[in-house]
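Quick caveat: nothing in here was measured; it's all calculated off a predicted structure. Reminder, nothing fancy here: chain letters follow the sequence lines and each chain counts from 1.
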There are 2 protein chains.
Amino acid sequence: MSDAIVDQVRRFNRIVTERVGALNDHFLGRERPLGEARLLWEIGLDGCELRVLRARLGLDSGYLSRLLRSLEAARLVKVAPVDGDQRVRVARLTAAGRRERAALDERSDELAQSLLAPLSSNQRERLVAAMHDVERLLSAASVQITAVDPEHPDAQYCLAEYVAELNCRSERGFDPSVGATALPHEVRPPAGEFFVAYLHGEAVGCGAVKHRADAPAEIKRMWIAPRARGLGLGRRLMERLEGCALAGGARVAHLETSAVLVEAIALYRSTGWVEVPAFNDEPFADHWFEKALT
Amino acid sequence: MSDAIVDQVRRFNRIVTERVGALNDHFLGRERPLGEARLLWEIGLDGCELRVLRARLGLDSGYLSRLLRSLEAARLVKVAPVDGDQRVRVARLTAAGRRERAALDERSDELAQSLLAPLSSNQRERLVAAMHDVERLLSAASVQITAVDPEHPDAQYCLAEYVAELNCRSERGFDPSVGATALPHEVRPPAGEFFVAYLHGEAVGCGAVKHRADAPAEIKRMWIAPRARGLGLGRRLMERLEGCALAGGARVAHLETSAVLVEAIALYRSTGWVEVPAFNDEPFADHWFEKALT
DNA sequence: TCGGTTTTCTGACTAAGGTCAGAGAATGTC
DNA sequence: GACATTCTCTGACCTTAGTCAGAAAACCGA
């Protein structure tokens, strides 16, 4: 990677994150410790389970407990056990807590305004566009693709979204149990593999490979969450799936798709897949593709 | 300011500065406290006076002293008095300190690489371009224009650079003591005012106003440091100078300029100044401008 | 030479942020 | 019903980061 590129990223890291980050902390942490302010914000208006907070903020359980005691003492938060599992507890904001959170929100707005104020409207537009790009691309860069068991809740979530989307976009609907299936045992090692893409710990995409002895491997259930589209994630996921198929011994891969998935079809065409005559009788498919793996 | 714009800035602040900032700190602070790491980096290969370090990093003098003792104990830094003024001391890196600093540098590179690695080269280019824009525009936004005494060192520095640039760009040279002058007493209240633009505490531009009773005010000595050009700073500075002239009672402002300052001339034309016949006999001027103030 | 200023250092102190080990209650699994 | 696991809490402890007041030395201007 060229030095100029790395230098720009380093300069950005130093100047922007340190300066704006420090400003941010200063604005938010004015009345109470930053940790508490962040926690208050993260609990949100609907409350949040402690274990989720712990995961999202990366806190030690003891530390989180202490922060919550402090917020409880200030009557900003109430912690209560959750129905169904008495071990799990949820933190909820009190009325005062919601007011405090609104004040944090307002300070965050003030900070944003103060950053923008000295700029001309033309410059503001450019800044916002550039911020949007940076945010999207850094998000894209932080996506991680992991092999996961097809019955893992994250995998199941993605599959449900995949089916729901097909049902919603296609007039004839979609039934995953009919035709060329991808049952858990078919996409779990050694028969195949299931991958989930995570963005900040959240599942935002999936895809599966079915290995087939002496026959083309099959790519199945490829899906990207709407909010994660446009990040080049489909391409990365596909690379991973093809790599998996190749590692499983395949020289050629197959996939079939519905005509309503126009973005997916465009992706396939642009990454070396060629349309071929139907190689199976999947009732919900309109296009069949093939690719030689290298 | 529209909500969408403020929201984007807030999202950027939260996601980018917190996430990348935390990563940054984590990478840099792996082996030693962050404060020490930053200090080590800031001392630089050529050493640095303590008072400068204190100002640049915004540290308490007691705290800085302690940090330096700790770095000295680790044999990474030597602090010695400076020739000429025995009160002032400079911190210099030892050989081990330079190695340590190089290691920090390397980690910073690694971080940049790891951010970029998952992206396609097309995405990388877009990211770097967007980072560059964000950095420039946030820099622009953080510039502060302050009224300063014309004999203040920062004012003198800007004036010297201004003269040097004119001397360098113009064949006939430039002598500020000839013709339409801007002597300290002429641009100091109540006769006039001198402004300096600061970027991160550094003087990056200047401009002066000479009030004249019942006559057009004069704009003088307008200069922007080369590295701060393209930030829309000229326009902001000019707004400030015009405001000052207006507040001083003028309804019209005058300025004259050399033909070699093509960017400046473009700025004048685009901000409502109109070229008029010579209104003085400044020997180094080629163009004379006038603007009605509102 | 004297008083004021600049620069650094030291000691005493504080808050924030965080880690670790273990306890205790609820729940799931065999 | 025994046992392992999950989730939260408590107490003890630590480092980092930072503040404040004052002392000591060097310097500057009159």
Side-chain angles (χ1 to χ4, degrees), chain A residues 18 21-22 24-43 47-74 77-92 151-153, chain B residues 18 21-22 24-43 47-74 77-92 151-153:
Chain A
E18 282 183 22
N24 220 2
D25 294 355
H26 181 75
F27 263 70
L28 286 184
R30 266 209 297 236
E31 335 232 274
R32 64 185 62 258
L34 228 124
E36 288 182 22
R38 266 204 263 275
L39 183 54
L40 203 58
W41 205 90
E42 200 70 37
I43 288 171
C48 190
E49 292 184 3
L50 302 200
R51 56 184 177 181
V52 175
L53 287 172
R54 210 154 4 97
R56 277 220 290 255
L57 294 169
L59 298 174
D60 174 84
S61 73
Y63 186 32
L64 172 64
S65 189
R66 235 173 296 275
L67 286 176
L68 283 170
R69 287 307 80 72
S70 159
L71 288 174
E72 272 188 323
V77 160
K78 274 209 185 314
V79 178
V82 76
D83 296 352
D85 188 338
Q86 294 285 305
R87 290 170 306 181
V88 183
R89 315 232 291 156
V90 246
R92 286 204 184 78
E151 289 186 304
H152 186 283
Chain B
E18 282 183 21
N24 219 3
D25 294 354
H26 181 75
F27 263 71
L28 285 183
R30 266 209 297 237
E31 335 232 275
R32 65 184 61 258
L34 228 122
E36 288 183 22
R38 268 204 262 274
L39 182 54
L40 203 59
W41 204 88
E42 200 68 38
I43 289 170
C48 189
E49 292 184 3
L50 301 201
R51 55 182 179 182
V52 175
L53 287 173
R54 209 154 8 95
R56 277 219 292 256
L57 293 169
L59 297 175
D60 174 84
S61 73
Y63 185 32
L64 172 64
S65 189
R66 236 174 296 274
L67 286 176
L68 284 169
R69 287 306 81 72
S70 159
L71 289 173
E72 272 189 323
V77 159
K78 273 207 184 318
V79 178
V82 75
D83 296 352
D85 188 338
Q86 294 285 305
R87 290 170 307 180
V88 184
R89 316 232 289 155
V90 246
R92 287 205 185 75
E151 290 186 304
H152 185 284

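- Between A:Leu50 atom CG and C:dA25 atom C1' there is a gap of 15 Å when expressed in whole angstrom units.
- With a 4.5 Å cut-off on side-chain heavy atoms, B:Ile43 and B:Leu68 count as touching.
- Each of B:Gly62 and A:Gly62 lies near DNA chain C, and the nucleotide nearest B:Gly62 is the one positioned closer to the 5' end.
- Heavy-atom distances to DNA chain D give each of B:Leu67 and B:Ser61 a nearest nucleotide, and the one nearer the 5′ end belongs to B:Leu67.
- Phosphate proximity of D:dG11 to A:Arg66: absent, as no side-chain N or O sits under 4.0 Å from OP1 or OP2.
- Nucleotide C:dA16 holds its P atom 15 Å from the CG atom of A:Leu28, rounded to whole Å.
- At the phosphate of C:dC9, OP1 or OP2 sits under 4.0 Å from a side-chain N or O atom of B:Arg69.
- Listed pair A:Arg89 / D:dT8 fails the phosphate criterion, with no side-chain N or O lying under 4.0 Å from OP1 or OP2.
- In this structure, B:Glu49 atom CD and C:dT6 atom C1' are separated by 12 Å, rounded to whole Å.
- Backbone-only contact: A:Leu34 has heavy atoms under 4.0 Å from sugar-phosphate atoms and none from a base.
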If you apply the rule side-chain contact (heavy atoms from CB on, under 4.5 Å), what do you find for A:Leu39 with A:Leu64, and how did you get there?
CA-CA 9 Å; A:Leu39 183 54; A:Leu64 172 64; 3.8 Å; yes
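- Taking only side-chain atoms of B:Arg54, from C-beta outward, the nucleotide of C:dT7, C:dA26, D:dC27 with the closest atom is C:dT7.
- Distance from the side chain of B:Val88 is smallest for C:dT7 among the nucleotides D:dC9, D:dA17, C:dT7.
- Side-chain atoms of B:Arg87 and base atoms of C:dT6 include a donor and an acceptor less than 3.5 Å apart.
- Taking all atoms of both residues into account, the shortest heavy-atom contact from B:Val77 to B:Glu72 is O-CG, 3.3 Å.
- Atom-to-atom, CD of B:Glu31 to C1' of D:dT16 comes out at 17 Å; the value is rounded to the nearest Å.
- With rounding to whole Å, B:Leu59 atom CG is found 12 Å from C:dT8 atom P.
- Here the side chain of B:Asp60 is nearest to one of C:dG17, D:dC20, C:dT7, namely D:dC20.
- Using modelled atom types, no side-chain atom of A:Glu49 and backbone atom of A:Val88 make a donor-acceptor pair closer than 3.5 Å.
- Within 4.0 Å of B:Gly35, counting heavy atoms only, lie sugar-phosphate atoms of the nucleic acid but no base atom.
- The shortest non-hydrogen separation linking B:Glu36 to B:Ser70 is OE2-OG, 2.6 Å.
- Residue contacts for A:Gly84: at a heavy-atom cut-off of 4.0 Å it reaches the sugar-phosphate backbone alone, with no base atom in range.
- Straight-line distance from the CG atom of B:Asp25 to the C1' atom of D:dA17: 13 Å, rounded to whole Å.
- Per the geometry, CG belonging to A:Asp85 stands 10 Å off C1' belonging to C:dG28, to the nearest Å.
- Straight-line distance from the CG atom of A:Leu64 to the P atom of D:dT6: 18 Å, rounded to whole Å.
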